[in-house]
Amino acid sequence: MGKNVAEKLIESHLVEGEMQPGNEISLTMDQTLTQDATGTMVMLEFEAMGIPRVKTEVSAQYVDHNLIQSDFKNPDDHLFLRSACKKFGVWYSRPGNGVSHPVHQERFGQPGKTLIGSDSHTPAAGAIGMLAIGAGGLDVAMAMAGKPYTIRMPEVWGVKLTGELPDWVSAKDVILEMLRRHDVDGGVNRIIEYYGPGLDSLSCMDRHVVANMGTELGATSTVFPSDDEVKRFLRSQGREDDWQEIKADDDADYDVYEEIDLSELVPLIAKPSSPGNVVPVREVEGQEIYQTYVGSSANPGFRDFAVAAEIVDGQQVHDRVSLDVNPTSRQILENLMNTGHLQKLTRSGARIHQAGCNGCIGMGQAPATGQISLRTVPRNFPGRSGTKEDAVYLVSPETAAASALTGKITDPRDLEDLYGMSYPHVQEPDDIIINTDQLVEPPSAAEAQDLELEKGPNVVSLPEFGELPDELDLPVLLKLGDDISTDEIMPAGSRILPYRSNIPKISEFVFEQVDEAFFERSQEVRDTGHSIVAGTNYGQGSSREHAALAPRWLGTRVKIAKSFARIHRQNLANFGILPLTFTDDADYDAIEQGDTLQFRNLRDQVQNGSEVEVYNATKDTTFVAEHDLTEREIQMVMEGSQIGVVKKEFANV
Ligand code: MIC
């Protein structure tokens, strides 16, 4: 039996386990990617492990999230990261150089390699035939230390693309169509592999859009073959030598099949406040808007900006609309200047920001109260824009630009009648400007030996966590519903993100979005701990380990959910929070916030089986919950965190 692309990538990096869906497999990681909002923890963790230099082929650190410098905190972090990169042997992408995912694809991405990144959108690199996986910071620190990464072998979901995209419809509509069909958990425990003749009309940056937002489907990763288009892309980046062909064998099989006829797609939109809430733009057109936003790792290509520029060219954006343009890299910005597209945008009234994540993560550009914002970003979880009760819709650059002109949600196909416009077919020029100047290469190990880490007052060492007690009496401090995202657990935004390097401080904001009194309640039981109860897909969204670390600092010992999102479940285990699932949904219904759950003989139960007995002392009832922890994860939960386990391991090497 032939192999598909995902299987080939896995097989060539497999060091342990069998490639059967559900089996535990360990893979070597060739490259790592970190960004500043998660990277400071990664560097602190790497330091705590006591390893002098990274052992990967390439490790790169990007400063793209915490760019607003309203006081010393973010710049302190930047300098700390710069010093850590030099000391540990990591490339440093300076603030303003751009968003990690597109820059990594342009500069370091290589077909056939594996990449692990402390950002959930790391799978974007699957656009050029890599196996790229998002993970918690500690898992990335481990990979930097040369450790293989362990996951459960996912199913491979083959999505055949046929036809060609119609005018006014683009790559964003392809991934929105996947989300329309399958919602935010449709890709759980799967790698999505795109193939078929429809690929011919998707450039590498178009594929990046689709691979990036595979994360919104809950997928472990997304892969595309490495074909002539990947060769063209690498050639345009001056790196043709890094190309190799990787395609599925003719008789390759997939665990699940799907087909999308691109020619049947229409402009789509994800309504507030979930990327899975997708309908045709037609269904919601006509509503007045306040903002449109072009940029982010979900629409990062030259084309995405150029098409918006062509649409607004010669017009003024509506006078109630803020058209925010966030270039994804300095290189793309320079190319847009060179081709005249930037001027078309500025002349039409667009507000140009520095290259970076910016408003995508609530670092500025928050919408006005009760007003609609249309964004090309990957997520619209509640409050993520920085405005409470926001109304963020996810769209293509075409829909964003069309709506900026009319001041209303507009199907871009209407521009033909409204403005007599025909669809601007934009192609990225082949002889682009290449700018690598803001990527700082690390010095040699010998030169780095005596370098010191530059830790300003914002960089606070990692707290140490104690082992799992055998007996626990834990009040349920919060009961939550389905699909709770990490943005709701540990919010981001310009007020909170600057505390990413300070766990005690950032923990004051845990669950602020959903329950403002949570922090105060947690303080009453700080020493004895508490539990959290939730529905399905708990912890979807980002990779931020702060969504485990900060609750752990506040005393969360056990979380019981109907199901967990992959990265968050791993982060919980990494920091010694016991992730349990309900065996019967009725047990979830029976628990009320404020009940006390008793656990007895807990260590024994966790180590010697998968079932844990829970006594609800308030209701006088008992139920059984389950864990699916591997042996290694059990060790972490027992020790109180993976750092303890790792330290011991490295001490014994
Ligand atoms: C996101 O898009 O949610 C983020 C911000 O990039 C996160 C990482 C973080 O929380 O720092 C992600 O996707 O993992």
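Starting from 1, each residue takes its place in the sequence as its number. Read the numbers this way: they start at 1 and go in the same order the structure lists the ligands and their atoms.
- Protein residues with a heavy atom under 4.0 Å from ligand 1 are Q35, A37, T38, H65, D119, S120, H121, I361, R379, R384, R500, S542, S543, R544.
- Salt bridge present: K455 and E47 bring a charged side-chain N and a carboxylate O closer than 4.0 Å.
- Salt bridge absent: E216 and K172 never bring a charged side-chain N and a carboxylate O closer than 4.0 Å.
- Counting only heavy atoms from C-beta outward, the side chains of E488 and P382 approach each other to under 4.5 Å.
- Taking each heavy atom of T122 and G117 in turn, the nearest pair found is OG1-CA, 3.4 Å.
- Classification of R190 and E155 as a salt-bridged pair holds, one side-chain N sitting under 4.0 Å from a carboxylate O.
- Applying the side-chain contact (heavy atoms from CB on, under 4.5 Å) test to S543 and every residue at least two apart in sequence or in another chain returns T38, S120, I567.
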